[in-house]
Chemist: 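First the structure, which I've put down as structure tokens, then a few questions once you've had a look.
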Amino acid sequence: MSRKVLSLAPQLPPLLVLGTGASNLRQVFGENIGQVLIGYMAGLRVSFAVATGAIGLATLASLCLRRERLDVDKVKEAGGGV
């Protein structure tokens, strides 16, 4: 995100961009809000892509696991309510 914002608006201090909360962006950056929002969207896109990849890997890993029933008596002994 910071690279994208710095390429679009090099006059903005990177620490200010990263330290400003999402609800205060319009008040802090005023006329530069367009460049900052583009940078934020780029960062969100990357984080969603990473999360989607992790979900895909978890799904594939779950397909490789053995499926078996839980032993109800052992669950009760361990403190689980059934």
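We count residues from 1, following the sequence as given.
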Chemist: According to a hydrophobic-cluster definition based on side-chain heavy atoms being under 4.5 Å apart (Ile, Leu, Val, Met, Phe, Trp, Tyr only), do L18 and V36 belong together?
Modeler: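 Linked within one cluster.
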
Chemist: Between atom CG of L65 and atom CG of L60, what is the distance when rounded to the nearest 0.5 Å?
Modeler: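 Answer for the CG-CG pair, L65 versus L60, is 11.0 Å.
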
Chemist: Tell me which pairs pass side chain to side chain donor-acceptor pair (under 3.5 Å) where either residue lies in residues 43-65, with sequence neighbours left out.
Modeler: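 The answer is none; no pair qualifies.
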
Chemist: Shortest non-hydrogen contact from F29 to L12?
Modeler: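 What the structure gives for the nearest pair is CD2-CD2, 3.9 Å.
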
Chemist: Please list, chain by chain and in numerical order, all residues satisfying side chain to side chain donor-acceptor pair (under 3.5 Å) with Q27, sequence neighbours excluded.
Modeler: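 Here no residue qualifies.
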
Chemist: Taking atom CG of L25 and atom CD1 of I33, what is their separation to the nearest 0.5 Å?
Modeler: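 So the CG of L25 and the CD1 of I33 are separated by 5.0 Å.
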
Chemist: Of the non-hydrogen atoms in Y40 and V17, which two are nearest, and what is the gap between them?
Modeler: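 Smallest interatomic distance, heavy atoms only, reads OH-O, 3.5 Å.
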
Chemist: Is there a chain of hydrophobic side chains (I, L, V, M, F, W, Y, each step under 4.5 Å between heavy atoms) that links L8 to M41?
Modeler: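 L8 and M41: separate clusters.
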
Chemist: Please give me the minimum heavy-atom distance between A42 and K4, naming the atom from each residue.
Modeler: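 Heavy atoms only, the tightest pair is CB-CG, 4.1 Å.
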
Chemist: Applying side-chain contact (heavy atoms from CB on, under 4.5 Å), name anything that partners Q11, two or more places apart in sequence or on another chain.
Modeler: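 By the side-chain contact (heavy atoms from CB on, under 4.5 Å) rule, Q11 matches A9, N32.
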
Chemist: Tell me, do D71 and E77 make a side-chain contact under 4.5 Å, heavy atoms counted?
Modeler: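 With C-beta onward as the side chain, the pair stays apart.
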
Chemist: State whether the number of non-hydrogen atoms from other residues, nucleotides or ligands found under 6.0 Å of L63 atom CG is greater than 12.
Modeler: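 Atom CG in L63 is packed in, count exceeds 12.
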
